Each structure stands twice: as structure tokens, then as C-alpha cells.
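Keep in mind the model is a prediction, meaning the values are calculated, not measured. Just so you know, these numbers use all the heavy atoms, side chains as well, and skip hydrogens, waters and symmetry mates.
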Amino acid sequence: MLKTDLGKADKAGASLAPKTPLVVDLDGTLIKTDTLFEAFAESLRVRPLKTALMVLKLPLGIAAFKAAMMREHTIDLGVLPLNEDVLAYARAEKGKGRPVWLVSAADQSIVAAIAERVGLFDRAIGSDGKTNNKGARKAMMLQTLAPEGFEYIGDSDADMEVWEKAAAAAHVGGGEARKRQIEQHGVAVTASFKSPNEGLKAWCKALRLHQWSKNAMMFIAPILGLRLFELSTFAACLAGFLCMGVMASGTYLLNDLLDLSADRSHHSKRRRPFAAGRLPLVQGLLAAPLLIFGGLLGGVLISPWFGVAMAIYLATTLAYSFGLKRVPLFDTMILAFLFTIRLIMGGVLAGVAVTQWLLVFSMFLFFSLSLAKRHVEVLRKAEAGVTKSAGRGYEARDASLTLGLGLASATATPVILALYIIGEAGPSGLYHQPQFLWGAPVLLTMWLCRVWLLANRAQLDDDPVSFAVKDPLSLAIGVSLAAFFAAAAFLPAGVLLS
């Protein structure tokens, strides 16, 4: 969003020659992200160990590091989020006959490619692998290239050295404080652009706090084992829930950083904070390992075996993020396992054995739901005329396969539950009124049919679990399901006959 100071703009315009160049910075100014960290994240996805070793090149100089990073991996410049307000301002000035330059500390190959994409700039100048074109160096170069003065648009504290030498200035972010800071150097501010970074709101979305609801599965084993209402068990489960949530949020951040290009090509994931440029990538690269290892350490302190289960979850989800998500069908099995291991975690915390029935039931249920998610993605890509999903191994012609396997596993899920009622729940004596359990497979069948009906119409939210939390009918079915289990467990035997 653009805010202009008309008084200062008029003053600057009067003092500038008609051909005074407008100089636009790249990272954080023309685009909402940073190309160096974009390249680092892409390199980390493809070759994590080699990328870690490349960091050792930093002592040789930032320019050399940038050049090496760009040689190693090419980022998809065509989908990088542009700052449309800055772009509109530059186009308006170009329309007035002013030369417009793109000058950045990013590597020359990146600057040239972005300039070609935009098709606006008269010159495109970046770092050459030897000199880092930033701060004082950039200011000195612009004074040489534009001795009669220039207007500069930047976004960071490092740009202050450039603004000091400019005839006029515009800035992205920093608000009134940055505007006053620039004006203190006697430089008129022509325009102030709001920073695309959204702070706390964007972080809440990036951490996917709503996904913590999935960790409620850790309470299932304690509930079925009738142990949840013991104070020590409840406290352990609650602490485990929080640690698991923190670690999972770290893995979500990492997954988003590794999947930037694919997310930007997705109909809804392109709005994720890092993909949309609403959060700086460097913050995510720092926060992800802190959250992951902080949550894992907390889990180990609660219970060593719980920590082992968390480590298995972490290793699996990292393998998923770094490559297994691109293996069709196997990726959905991995997702089903990540849900199922939460059941085991709850059993470990409560000291309750998780039955084979429950594990098999969980795998089939979440395999079906994961396939529903993929089925929607395949259908939407097919409708858009795209033959293959970006960042995935699925093709448009796989729709019949995802539908068939998803329906098969959805059909098997209530059957497994029915066999459990017949073969174990009833004879075990754990439930006083086991006949109430028969409401469960009926309700589950209804819900799964609804999920797959919406999935086959491409009307299902990308995540069926999130859909269930927000869908009133799904919530009603969940409450009814809980009521049937509560009646089976707590109604005294023979009460219906009295």
C-alpha cells in the first residue's frame, strides 16, 4: 500500500531534473523476498549437506558466497512475489520519461533475470562475485553513474548510506520513523510504502497453530484406557501435546521453506506467509531449528521413550519434506504413519498399550484422508489444464487411482472398527454397554462418504482434518461418536433393562 507525502513529493520533483534516474532496489523492495535466502532454501532442499558446507564460504566474502549459491542452484524467478505498489510507482515515473534502474546487492544473474521478467528497467546492475554492491559501495557507484542526482527506493538500514547521497528518496517499511530518519539528512521523501511483512498475524499462520488439533490424537489412548482423568497422566499428556506442537510447528516452517516454488504455483498454498513474502525467509530459517530442537528437548525431559517417539516422528517428517512428499502414494502412507505415531505417543505418556486394532484402524483412516487431499489437488490441476502437480509426483490421469484407493481404504476403515467391536471390545468387558459402540461405524461411514463426495467434487479443503474441525456437520458427527463411546463405557450394565 502506497502513502505519498505530497508536500515533499512536490519539493523533490521541483529540484530533480526531468531525466534524473529512479533507482529501485531488488530484495525487499521490488520483490517481497530475498533472492539470496531463496537460493539458500532451494539449495537446502536439493543438497542439504553440501549447502551446510557452502556456508563456510562466508568468510571469503558475501559476494563470493552469493555467486557460488547462484551457480549451485537456480530459483524460479518467474513466481517470486512482486511488490505491486513499488512496481506501479516505477511504471508511473517511467511514463513521465524518467530512466528507471534496478540496482541491487543480489548477484548480477538474478538482477538481470528479474529486469527481463518485469520489462521496465533501462539498466540492471548487481553484484559481480567480487564486489558486494551494497550500502556505501552502491552509493559511490550511483554517484558516479548519476552525477546530477538520483532518486532511490530501498527498504533496509543498509540503504541509509544510499539515501544520504540521493536527491530524493522513497522507502518500503519502517513507517514514520524511517521517513524522519531520511529527512534528517536533508533528503525529501517522495513516497512511503507499507512493508508486506505482517508480523504476529503472519507468524500465527506460518506456525499453523490450528494444526495442533491433530495432536489431540495423543489423548485417544489415555481416554480408551480410562486413564486420562488421573492428574499425573493428564499433566503428562498436556505437556507432551505442547512439546509436540512446538516441534511440529518447526517442521511446518521448514517444509514451507523447502517448498517455496511449488507453493507459489498452488491455488491456495501461494498465500502461505513465506511463499507470499509476508515473512522474511531468514526468520524462518532461524526459527525452524530452534522450535524443532526445543520441542524435542522438552519431550525427552517429559519421558525418554516419548522423546524417542518424537525423534521417529521428526526423522519421518524430515524425510517427507526433503523428498518423500514427491513419491506418489507412498507420501500418503507417510502422512498416515505420522498421524498414527501420535496414538503411540499418547500410549507412552499414559502407560497404556495401544492395541493392534487401533493402529490398523488409524492407518487405513488417515491413508484414506491423505488420498482425499491428493485427489482434490489432482482434480484441480486437471481442471486448470496442468498435467502434473508442481512439487509432487502426481499426474492428472492419476485421479481414478487416487479415487479408487481412497474409497477402498475408506470402506475398510469402518469394517475394521466393526471387527474390533465383535472380536475384542464386546468380549473384553471393558465396556458396560458395548451395544452402543455400533453407532461408531455407522457415523464413521457417513462422515467418510461426505468427505469423499466433496473431494470428488474438488470442494474439500486441502486438509480433511482442518475441514473436520471447521465443518459443523463433521463436528456434530464427532460429538455423537464421543457420546456413543461414553455411553458404552460409563452406563452401568443392565441399566437399559431396568
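The closest donor-acceptor contact from the side chain of E164 to the backbone of G186 lies at 3.5 Å or more, if one exists at all. Here the side chain of T317 pairs no donor or acceptor atom with the backbone of Y313 at under 3.5 angstrom. Looking only at distances, a side-chain donor or acceptor of H171 sits under 3.5 Å from a matching main-chain atom of G173. Between the side chain of T20 and the backbone N or O of F150 there is no donor-acceptor pair closer than 3.5 Å. Side chain of T251 to backbone of A248: a donor-acceptor contact under 3.5 angstrom is found. Checked by atom type and distance alone, the side chain of S368 pairs as donor or acceptor with a backbone atom of G406 at under 3.5 Å. Distance alone, capped at 3.5 Å, is enough to place a donor-acceptor pair between the R264 side chain and the A275 backbone. T29 places no side-chain N or O within 3.5 Å of a backbone atom of L26 that could act as its donor or acceptor partner.
Closest approach of V100 and A90 over heavy atoms only: CG2-O, 3.8 Å. Taking both residues in full, the closest heavy atoms of Y394 and L329 are given as OH-N, 2.8 Å, listed atom of the first, atom of the second, then distance. Nearest approach of L209 to S249, heavy atoms of both residues: CD2-OG, 4.4 Å. Of all the heavy atoms in K19 and G97, the pair that sits closest is NZ-O, 3.2 Å. A pairwise comparison of heavy atoms in G28 and V172 identifies O-CG1, 3.8 Å as the closest pair. The two residues L254 and A288 come nearest to each other via the heavy atoms N-CB, 4.1 Å.
Counting only heavy atoms from C-beta outward, the side chains of E151 and V23 never approach each other to under 4.5 Å. Side-chain contact between L338 and K214: absent, with no pair of heavy atoms (C-beta onward) separated by less than 4.5 Å. For the pair L291/L207, a side-chain contact is recorded, criterion being any heavy-atom separation below 4.5 Å from C-beta on. Contact check for V189 versus R180: no side-chain heavy atoms found under the 4.5 Å cut-off. The side-chain heavy atoms of R270 and S265, taken from C-beta on, include no pair separated by under 4.5 Å. Here the side chains of L87 and V118 are in contact, with some heavy-atom distance below 4.5 Å. For the pair P21/R98, no side-chain contact is recorded, criterion being any heavy-atom separation below 4.5 Å from C-beta on. Residues L281 and F274 have side chains in contact (heavy-atom distance under 4.5 Å, counting atoms from C-beta outward).
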Side chain to side chain donor-acceptor pair (under 3.5 Å) evaluation trace for N456 with H375: CA-CA 7 Å; N456 201 46; H375 186 64; 3.0 Å; yes
Do R342 and N215 pass the side chain to side chain contact (heavy atoms under 4.5 Å, CB included) test, and can you show the C-alpha distance, the side-chain angles, and the key distance before you say yes or no? CA-CA 7 Å; R342 289 177 167 95; N215 297 332; 2.8 Å; yes
Show, in sequence, the C-alpha distance, side-chain angles and deciding distance for I153 and L30, and conclude whether the side chain to side chain contact (heavy atoms under 4.5 Å, CB included) test is met. CA-CA 9 Å; I153 309 178; L30 180 66; over 6 Å; no
Please assess V103 against F121 for the test side chain to side chain contact (heavy atoms under 4.5 Å, CB included), listing each intermediate value before the final yes or no. CA-CA 10 Å; V103 181; F121 299 100; over 6 Å; no
Kindly determine whether D122 and K94 satisfy salt bridge (Lys or Arg N to Asp or Glu O under 4.0 Å), including the steps that lead there. CA-CA 10 Å; D122 300 289; K94 177 80 169 180; 2.6 Å; yes
I would like to know whether L335 and F366 meet side chain to side chain contact (heavy atoms under 4.5 Å, CB included); could you show each step before the answer? CA-CA 7 Å; L335 292 175; F366 290 106; over 6 Å; no
Between D398 and R374, is a salt bridge (Lys or Arg N to Asp or Glu O under 4.0 Å) present by the stated rule, with each step listed? CA-CA 10 Å; D398 293 331; R374 293 290 178 261; over 6 Å; no
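Of the N and O atoms on the side chains of S127 and D107, not one donor lies less than 3.5 Å from an acceptor on the other residue. Looking only at atom types and distance, the side chain of N255 has no donor-acceptor partner in the side chain of Y320 under 3.5 Å away. Checking Q181 against W163 by side-chain atom types alone, no donor-acceptor pair falls below 3.5 Å. If you check the side chains of S362 and T340, you find a donor sitting under 3.5 Å from an acceptor.
Atom CZ of R117 is surrounded by more than 12 heavy atoms from other residues, nucleotides or ligands within 6.0 Å. Atom CZ of F241 has more than 12 heavy atoms from other residues, nucleotides or ligands within 6.0 Å. Counting non-hydrogen atoms of neighbouring residues, nucleotides and ligands closer than 6.0 angstrom, the NZ atom of K165 reaches no more than 12 such neighbours. Under a cut-off of 6.0 angstrom, the local environment of CD in E116 is sparse, with at most 12 non-hydrogen atoms contributed by other residues, nucleotides or ligands.
Separating the CD1 atom in I312 from the CD1 atom in I344 is a distance of 8.0 Å, to the nearest 0.5 Å. Going from atom CZ of F367 over to atom CZ of F337 covers 15.5 Å, rounded to the nearest 0.5 Å. Between atom CG of residue L285 and atom CG of residue D34 there is a gap of 10.0 Å, rounded to the nearest 0.5 Å. Distance check: M160 CE to Q184 CD gives 8.5 Å after rounding to the nearest 0.5 Å. Once rounded to the nearest 0.5 Å, the distance linking CG of D27 with CZ of F37 reads 9.5 Å. With values rounded to the nearest 0.5 angstrom, M363 atom CE is found 11.0 Å from L343 atom CG.
The pair D256-R272 meets the salt-bridge criterion, with a side-chain N (NZ, NE, NH1 or NH2) lying under 4.0 Å from an Asp/Glu carboxylate O. Using a 4.0 Å cut-off between a side-chain N of Lys or Arg and a carboxylate O of Asp or Glu, R45 and D259 do not qualify as a salt bridge. Of the charged side-chain nitrogens involved, at least one lies within less than 4.0 Å of a carboxylate oxygen, so that D157 and R178 count as a salt-bridged pair. Between D471 and R450, at least one side-chain N (NZ, or NE/NH1/NH2) sits under 4.0 Å from a carboxylate O, which counts as a salt bridge. Remark: E377 engages K269 in a salt bridge, criterion side-chain N to carboxylate O under 4.0 Å.
Applying the side chain to side chain donor-acceptor pair (under 3.5 Å) rule to pairs touching residues 137-146 yields D25-K138, K138-Y152, sequence neighbours excluded.
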